[in-house]
Amino acid sequence: MVAAAADMAAGSPRRLRIWSAACSTGQEPLSLAMLFAEAQERDGLVLPELRATDISTRALLRARTGRYTQFEIQRGLSIRRMMRWFDVQEEWWEAKPELRFRLLYSQQNLLSDPMPAGKFDIILCRNVLLYLSPAARRVVLDRIAGVLRPGGLLVLGAGETVSGHTEALVPSERYRGMYRPAAH
């Protein structure tokens, strides 16, 4: 996904916008913030705007603190990244402020709340559709397609697809497992 973002950013004068929809307790957006900070240091990539939303007030409060147990943090995160981006606070690992402050959090019901303003280059909505009825999936996917920039990408969970749920999105030819707005 960082490669896709780098491709989008190449030659573009504007800052990329990325939205982690249904972010739960924030591991995904924090991981994105880490990857993009490292890409900035390594390749000079301009940091994107990173938005993260969830329907749960409790999950968002936890996401904003960036606090995780040893078990939660070690799942999929190298020791090098743990030590670089987190401080140990008794039994918690807490994301460093410079990482947490790169994220804009807000509450969002994907079915009914107004969508975030503007268009996004990449939207991650992983492992959400699994819990929705087919009619609700269509609503969510159509609403997401409406805020996805032409040429933008939608990332779903491994067991999710747009096929049979909307005509507004189609598989990306370039990026496997990602979806783009359908041409109208």
Which residues satisfy the side chain to side chain donor-acceptor pair (under 3.5 Å) test with [X], sequence neighbours excluded?
| X | value |
| --- | --- |
| Q74 | Q70 |
| R137 | none |
| T25 | Q27 |
| R100 | none |

Salt bridge (charged side-chain N to carboxylate O under 4.0 Å, His left out) against [X], all qualifying residues, sequence neighbours excluded:
| X | answer |
| --- | --- |
| D142 | R138 |
| R62 | E72 |
| R17 | E49 |
| R174 | D7 |

Between [X] and [Y], does any side-chain N to carboxylate O distance fall below 4.0 Å?
| X | Y | result |
| --- | --- | --- |
| R126 | E160 | no |
| E98 | R84 | no |
| D113 | R143 | no |

What pair of heavy atoms forms the shortest contact from [X] to [Y], and how long is it?
| X | Y | result |
| --- | --- | --- |
| P181 | P150 | CG-CA, 4.4 Å |
| L32 | L124 | CD1-CD1, 3.7 Å |
| L99 | A33 | CD1-CB, 3.4 Å |

Rest of the hydrophobic cluster containing Y131 (Ile/Leu/Val/Met/Phe/Trp/Tyr, side-chain heavy atoms under 4.5 Å)?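 When side chains under 4.5 Å apart are linked, the cluster holding Y131 also contains L130.
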
When clusters are formed from ILVMFWY side-chain contacts under 4.5 Å, directly or step by step, what else is grouped with I144?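 I144 clusters with W19, L110, L111, M115, F120, I123, V128, L129, L132, V139, V140, L141, V147, L148, L154, L156, V162, L169, Y179.
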
Residues that K119 engages under side chain to side chain contact (heavy atoms under 4.5 Å, CB included), provided they are two or more places apart: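 Residues passing side chain to side chain contact (heavy atoms under 4.5 Å, CB included) with K119: R149.
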
Before you tell me yes or no, could you show the steps for Q107 and T57 under side chain to side chain contact (heavy atoms under 4.5 Å, CB included), namely the whole-Å CA-CA distance, both residues' side-chain angles and the distance that decides it to 0.1 Å? CA-CA 7 Å; Q107 193 162 14; T57 303; 3.0 Å; yes

Indicate whether any N or O donor in one side chain lies under 3.5 Å from an N or O acceptor in the other, for E94 and T65.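 On atom types as modelled, these side chains do not qualify, holding no pair under 3.5 Å.
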
Quick one: do Q108 and D54 satisfy side chain to side chain contact (heavy atoms under 4.5 Å, CB included)? Show the steps, please. CA-CA 5 Å; Q108 170 81 40; D54 200 87; over 6 Å; no

ring-ring contact (aromatic ring centres under 6.0 Å, His included): which pairs involve residues 64-93, sequence neighbours left out?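 Passing the test, one end in residues 64-93: no pairs.
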
